[in-house]
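Mind looking over this structure? Questions follow.
Just so it is clear, the structure is predicted and the values come from calculations on it, not from any experiment. Start at 1 and go down the list; that is how both ligands and their atoms are numbered.
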Amino acid sequence: MLTIDKHSFKKAYEKKYLEINGEELSTGSNYKKYEALGNLVRDYVAESWMNTNKKYNSTGEKQVYYFSMEFLLGRLLGDALLNLGIRDICNEALKELNIDLKDLEDLEQDQGLGNGGLGRLAACFLDSMASLNIAGHGCGIRYKYGFFEQKIVNGSQVEVPDNWLREGNVWEKRKNDKREIVKFGGEVITQNINGKIKFLHINYEPILAVPYDTPIVGYENETVNTLRLWSAETVSNEFDFSSFSRGEFLKALEYKNSVEAISQVLYPDDTQYEGKMLRLKQQYFFVSAGVQSVIRHFKRHGGDILELDEKMAIHINDTHPTLAIPELMRILLDEEGLPWEVAWRITTNTISYTNHTILSEALEKWPVDMFKKLLPRIYMIVQEINERYCTELWNSYIGQWDKIAHMAILADGQVRMANLAVVGSHSVNGVAKLHTEILKKQEMSDLYYFYPNKFNNKTNGITHRRWLIKSNKELTYLLKETIGDSFIKHPTDLEKFEIFAKNKDVQEKLASVKRLNKEKLAKTIYEMKGIKVNPDSIFDVQIKRIHAYKRQILNCLRIMHLYNELLKDPNKDIVPRTFIFGGKAAPSYYLAKKTIELINSIADTINNDPRVSEKIKVVFLDNYRVSLAEQIIRATDVSEQISTTTKEASGTSNMKFMMNGAITIATLDGANIEIRDEVSDDNIVIFGLTSKEVLDYYKNGGYLSYDIYRSDIRIKNVIDDLMNGKYHYDNNRFKAIYENLITYNDEFFVLKDFDDYIRAQEKIDYLYRDKYKWQEMCGINIAHSGIFSSDRTILEYATGIWGTELVYKNLK
Ligand code: 26Q
């Protein structure tokens, strides 16, 4: 922990400001003040960063490298201040300078290099590894443009490039001396050198990979790990002036752009997988640079290549970095000259893989022609891996060609990344109990029966430092006041709060914390949307990517139904509710974009109808992102986790909400099941089909949405309302949604679950009326949320997969 007093901090800050800006603090803009503060904090981090690296190099402790195409970090200033233990001092020092820390924090651009859950999980894991003194680092791509910025224009999503680096990034450090070359295209020739066959990659196109390092500060433990993001550049940065004189300048410029395109933009997650060349380039680019750099580092510090798997672990976040397997093989075979069997043992022992999705249409497959052309040597290695593996399969499954074809890595002219990931790693994990069971028994059952020992579960988690301590100061204060502060280092100590959940005085306090957070959010909503919402209404929230399986449409239909009920009976006795939505649709995902339009049309209609304005309001918050999530979650009463059972691998916002004292309304999907097991049925509201029922429908059919439409008048009415101009003058605006539900038989069982969902929402209404009982439930949720800290998850990865020593120094 950094020891500095308010006075010295103030002096250091003024000095830093002057140094950077050459002017006095009082005259400067808030942005300059933010920048100076960021620089100062980075200086404070620098020494521990150096010491941590020195320690890792001298002790030779096992290093974990978390390879991910996405890291959704959000803002870093508040995080760094908290983890350095200087947040209060900084706050007070700035106050004396008439600066509000919050104003500066709000100026930081979110680092939004991720789509959603998978990217945010990677960020939470980095925080937990550093805070648990685990030598764990991130490896990814420094996208020039992060996930697009969402604007809502006339109710529709418009995508704007996220130029997050425009004003610079105080946290990153470019490392010119750590550059690597990544080779694309060309051919492979064989040479016989002293009777040994060597493979030579020739005529390739070299691309320069330049790393930018960001410090990952552990919580009050002086550990600072590294997130290394790679940027693509041409090998020679100088223009070839002879080409200029030959009039080929434009060509050279074009070439430069095509190289830089590799790290230009993050691909949005889509419903339908498409094998795009640029994405394959991105994957090999960062994986090759990453693997080369960790091996170079390992050898420079005297590592013996034969012990690589004892000294480092590479974890791949979904199949996106699977090329780490053949790339590591390439280095061990071609550069280190190891025999295949030895290289394979080291590779499989080094690599472990997490699966995050069971939507089979999302599985990555690359056309062989594209793959071979772009990565000729890697393709040869994949072929060899496939051949040896299929030989094993032949021996075990004699004559079962269909099964073998299904399990193969290369088949139907495609490279199947999930199969490669399972074959080339020693551990395969799902992200919640149900998800892992479905992987084992359904999605990957053949692979599971062939490699039963590789499969395991690691239920996701979230860092309670960002999602409770940093983002909900009032609740954190109340918790400290009642149960002390041991939960900060031992989040399961939140259990101590359970006995206070019954205490009326604590319940009052819990209610007023929530009320305060709701007032703040109401203010933000007013500023963003001009909508006045009532902080005494139930804040009912669904924030996540817009996707058919997450069923924002189910949420819409019940709001439409409630509106109908209120129109029928304006005196209907309900607790006023504010329905809040947020989330981005993939740019090419038509139905998701229509869903956003529907939410906005419902909002327009309802918010402008004076007959219901005291009772319900609907808000769609634009540009959902980490920093906005922090404001919304602490102010939420009801957490909507309503995916079609079996489809949501885990979910992580469900954990954030419960930790902030929201009540979950949920299907028994993903980690919702484990949340229910923790808090019991009395403290969560469950509805909908079970996984068994859903799987049975998918297997045997038997569901007809039209029958439900015909037989349930409430449903018929809201479905008809999609098409009768009630929500938009263009009757066809929501036709795609109508057709999805009726014509195409409602793949995600929205109509099937409607009735039970309404019942569950009525139960929420009933429960909320008993203010004390409600707060007791909230308190129980908080008390049981510690198990969902990513510290628990990371300890399970460390002991169960990576085999990293645990240094308990910080853990008392
Ligand atoms: C693939 C190909 C081309 C372009 C993009 C993609 C792509 C990108 C991102 C595919 C998938 C993703 C992200 C998936 C994801 O976020 N999955 C979520 O992971 C969370 C963390 O484990 C889970 O909690 C969620 O349930 C799961 O949906």
Gap separating the CG atom of Asp622 from the NZ atom of Lys584, nearest 0.5 angstrom: 10.5 Å
Sub-4.0 Å heavy-atom approach of Pro268 to ligand 1: yes
Protein heavy atom at shortest distance from atom 16 (O) of ligand 1: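 Closest protein heavy atom to atom 16 (O) of ligand 1: Leu118 N, 2.9 Å.
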Test side chain to side chain donor-acceptor pair (under 3.5 Å) applied to Thr463 and Asp127, Asp79, Thr793, Asp791, the passing residue: Asp127
Sub-6.0 Å ring centroid separation between His315 and Phe67: no
Thr357, portion touching ligand 1 at heavy-atom distance under 4.0 Å: neither
Intermediate values then yes/no, side chain to side chain donor-acceptor pair (under 3.5 Å), Asn457 and Thr459: CA-CA 6 Å; Asn457 176 249; Thr459 299; 3.0 Å; yes
Numbered atoms of ligand 1 (with element) below 4.0 Å of Ala649, judged on heavy atoms: 26 (O)
Pair Tyr448 and Phe455, ring centroids less than 6.0 Å apart: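 Aromatic pair counts; centres sit under 6.0 Å.
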Heteroatom distance test (Asn115, ligand 1): nitrogen or oxygen, under 3.5 angstrom: no
Part of Asp269 within contact of ligand 1 (heavy atoms, under 4.0 Å): both
Tyr797/Trp802 aromatic ring centres below 6.0 Å: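 When the ring centroids of Tyr797 and Trp802 are compared, they turn out to be within the sub-6.0 Å range.
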The one among Met417, His547, Arg279, Glu70 that brings a heavy atom closest to atom 3 (C) of ligand 1: Arg279
Nearest non-hydrogen protein atom, atom 17 (N) of ligand 1: His356 O, 3.8 Å
Among Ala122, Ala671, Gly651, Gly117, closest by any non-hydrogen atom to atom 24 (O) of ligand 1: Gly651
Test of proximity, His320 against ligand 1: N or O pairs below 3.5 Å: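 No, His320 has no N/O under 3.5 Å of an N/O on ligand 1.
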Those residues that, when tested against Phe749, pass ring pair (Phe, Tyr, Trp, His ring centres under 6.0 Å) (two or more places apart):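 Tyr697, Tyr698, Tyr703.
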Test ring pair (Phe, Tyr, Trp, His ring centres under 6.0 Å) applied to His356 - qualifying residues, sequence neighbours left out: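 With neighbours one apart ignored, the set is empty.
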Which residue and heavy atom of the protein sit nearest atom 25 (C) of ligand 1, plus the separation: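 Ranking protein heavy atoms by distance from atom 25 (C) of ligand 1, first comes Glu648 OE1, 3.4 Å.
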Any Tyr549 heavy atom less than 4.0 Å to ligand 1: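 Yes, that is the case, since the closest heavy atom of the residue is under 4.0 Å from the ligand.
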